[in-house]
Structures are given as C-alpha cells and as structure tokens.
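Every heavy atom of this structure was used, including side-chain atoms; hydrogens, water molecules and symmetry mates were not.
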Amino acid sequence: MKTVTNSNPKTDQKSPKPTLQAQQASTFLDEADYYDYEAELAQEKSDYYHLRYGY
C-alpha cells in the first residue's frame, strides 16, 4: 500500500502564525533576567562541549 502526501506548500492553508502578543511578551526582559538567561545559555554550551569533546 502506498501513501501519498501533498508536499505543495501553497495548498497548505493551516500554517501557524505567531501572535503579536507572544512576540511582545518575549522581548521585554529586565536587565537581571537577560543576564540570567545569557548565563544559562553559556552554561549549557559549556556542558555540551564538556560532554562532547571531554574538556
């Protein structure tokens, strides 16, 4: 049995669109939250390289 899928993006009308409210909420961080977020990203990157490459 063969399954056929439609791969034409023009016919797919159900693409999700981000809401303006969600975009605005994510852009307003106070300075402390921004630096906490940056520190978490740096820690995750450091952990990744430590586990991946052994340093």
Side-chain angles (χ1 to χ4, degrees):
M1 179 179 245
K2 186 176 181 182
T3 304
V4 178
T5 59
N6 187 359
S7 62
N8 188 353
K10 290 183 180 179
T11 59
D12 186 17
Q13 298 296 327
K14 295 182 180 181
S15 62
K17 294 181 180 179
T19 62
L20 183 60
Q21 183 179 9
Q23 289 175 347
Q24 286 179 346
S26 66
T27 58
F28 291 109
L29 295 174
D30 63 1
E31 191 174 355
D33 288 338
Y34 171 78
Y35 287 113
D36 286 344
Y37 179 68
E38 288 292 320
E40 287 179 24
L41 289 179
Q43 184 63 47
E44 288 177 10
K45 187 176 179 181
S46 174
D47 292 345
Y48 169 79
Y49 283 111
H50 176 71
L51 293 174
R52 175 94 175 165
Y53 302 109
Y55 61 84

Item to check | Residues forming a side chain to side chain donor-acceptor pair (under 3.5 Å) with Q43, sequence neighbours excluded | outcome: D47

Item to check | Residue E38 excluded, over 12 heavy atoms near CD under 6.0 Å | outcome: yes

Checklist entry - With D30, which residues qualify under side chain to side chain donor-acceptor pair (under 3.5 Å), at least two apart? => result none

